[in-house]
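A quick write-up on the structure given underneath.
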Amino acid sequence: MSDLLQKDLGSSLLSITVLLGWLGIGFVFLRILAISIKRILEAVFKLSNKK
């Protein structure tokens, strides 16, 4: 832990921020993917119910 504190605080914060940013982007893509799959499945079920 003391080794981490001896490093440059700015670079540590930047690394954490970049990591959180990539995680956020990943969650946004997962959300878009989930919404797209949901809409596709709804359309498929609507078509199958019409028959």
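- Of the inter-residue distances, the one linking Ile16 atom CD1 with Leu13 atom CG reads 6.0 Å to the nearest 0.5 angstrom.
- Taken together through direct or relayed side-chain contacts under 4.5 Å among Ile, Leu, Val, Met, Phe, Trp and Tyr, Leu14 and Trp22 form part of one hydrophobic cluster.
- Residues Leu41 and Leu33 share a hydrophobic cluster, clusters being chains of Ile/Leu/Val/Met/Phe/Trp/Tyr side chains in contact below 4.5 Å.
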